[in-house]
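Before any comments, here is the structure.
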Amino acid sequence: MEEEFFRRDSKAVAKDLLGTRIRIEGLEAEITETEAYMEDDPASHAHGGKTERTRIMYESTGRIYVYLCYGIHHLLNITTNPDSAGCVLIRAAKPLEGLEKMRQRRDIEDETNLLNGPGKLCEAFGVDKDLNGSSYRSLGLEKSRSPKYETSGRIGISKAQDRQLRFYVPGSKYLSR
DNA sequence: CGGTCGATTCGCT
DNA sequence: GCGAATCGACCGT
């Protein structure tokens, strides 16, 4: 996967990341759900202009943006086209390898509950702010298939919930809520 | 420098 | 279904 893959509209990248495998330190999963963000979006951190935190979305392509949500959960994003300060949030995935390590970190057995949410996914993979600013290459991304997908309004945000910016594999057992 | 609030998750009712 | 947990970015004073 090349950097040019990310130098596109965040909606296109969000769609194409479905069916992509992510691999970190022996743990592997296939992405089942993503969400697109862009500057022209009241729910995006980038909405309202460039700050120290959002600088990465304005100035980079294919870089990892991790942020701490509610002081508890880390959320994993990849920056896309900087012209629109875009990024894609990885929301859910199907576990493929390293399930025992994921269970250990998540303190739960059910495999459908290991990665079915952006905070859960980061906990299982051990993702935290140390990854912030790194290249997408740290995620070992590998497109394994191009599944059918659907879009929906977004989950868990307070603004512009109706925008069709959530992308997911319909029928997957590994989706958030 | 204090107040507010959030792209979530979990546990309890 | 509802509320708490808990940190830091951001904004107004």
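- Rounded to whole angstrom, the span from the CG atom of A/Asn77 across to the C1' atom of B/dG6 amounts to 14 Å.
- A straight line from CG of A/Asp128 to C1' of C/dC7 spans 14 Å, rounded to a whole angstrom.
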Watson-Crick and G-U pairing of DNA chain C written in dot-bracket, each distance under 3.5 angstrom, with | for inter-strand partners: |||||.||||||.
Contacts under 3.5 Å, N or O only, protein and nucleotides 10-13 of chain B:
from, atom 1, to, atom 2, distance (Å)
B/dC10, OP1, A/Arg106, NH1, 2.8
B/dC10, OP1, A/Arg106, NH2, 3.2

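- Atom CD1 of A/Ile155 and atom P of B/dA7 are 13 Å apart (whole Å).
- Distance, A/Tyr37 OH to B/dG6 C1': 11 Å, rounded to whole Å.
- Counting non-hydrogen atoms of neighbouring residues, nucleotides and ligands closer than 6.0 angstrom, the NZ atom of A/Lys173 reaches no more than 12 such neighbours.
- Heavy atoms of A/Ile157 sit under 4.0 angstrom from primed sugar atoms or phosphate atoms, though from no base atom.
- Rounded to a whole Å, the CG atom of A/Leu68 is 13 Å from the P atom of B/dA7.
- No more than 12 heavy atoms of other residues, nucleotides or ligands sit less than 6.0 Å from atom CG of A/Asp107.
- In this structure, NE2 of A/His47 is placed 14 Å from P of C/dC10, rounded to the nearest angstrom.
- DNA chain C is contacted by both A/Thr54 and A/Cys69; A/Cys69 maps to the nucleotide lying nearer its 5′ end (nearest heavy atom per residue).
- For A/Tyr67 and C/dC10, the OH to P distance is 11 Å, given to the nearest whole Å.
- A donor atom on one side chain and an acceptor atom on the other are not found under 3.5 Å apart for A/Thr20 and A/Glu142.
- Contact check, A/Ser158 against B/dC5: no side-chain N or O comes under 4.0 Å of OP1 or OP2.
- Within 4.0 Å of A/Arg91, counting heavy atoms only, lie sugar-phosphate atoms of the nucleic acid but no base atom.
- Side-chain contact check for A/Tyr65 versus A/Asn132: some heavy-atom pair is nearer than 4.5 Å.
- The aromatic ring centroids of A/Tyr168 and A/Tyr149 lie 6.0 Å or more from each other.
- Residue A/Glu123 forms a side-chain hydrogen bond (donor to acceptor under 3.5 Å, both in side chains) with just one option from A/His74, A/His73, A/Arg106, A/Arg105, and that option is A/Arg106.
- The pair A/Glu97-A/Arg23 meets the salt-bridge criterion, since a charged nitrogen lies less than 4.0 angstrom from a carboxylate oxygen.
- In this model, the phosphate group of C/dA9 is not approached by any side-chain N or O of A/Lys50 to a distance below 4.0 Å at OP1 or OP2.
- A side-chain hydrogen bond (donor to acceptor under 3.5 Å, both in side chains) with A/Arg8 is found for exactly one of A/Asn81, A/Asp16, A/Thr80, namely A/Asp16.
- The closest side-chain donor-acceptor pair between A/Tyr58 and A/Glu39 falls under 3.5 angstrom.
- Residue A/Lys159 is classed as having no contact, given no heavy-atom separation below 4.0 Å to the nucleic acid.
- Scanning atom types as modelled, no donor and acceptor separated by under 3.5 angstrom connect the side chain of A/His45 and the base of C/dA9.
- Nucleic acid contact for A/Ser176: none, since no nucleic acid atom lies under 4.0 Å from a heavy atom of the residue.
- Straight-line distance from the CG atom of A/Asp110 to the P atom of B/dT9: 15 Å, rounded to whole Å.
- In this structure, A/Tyr70 does not count as stacked on the base of C/dA5 under the 5.5 Å centre distance and 30° plane angle limits.
- Between A/Thr32 and A/Leu18 the shortest side-chain heavy-atom distance does not fall below 4.5 Å.
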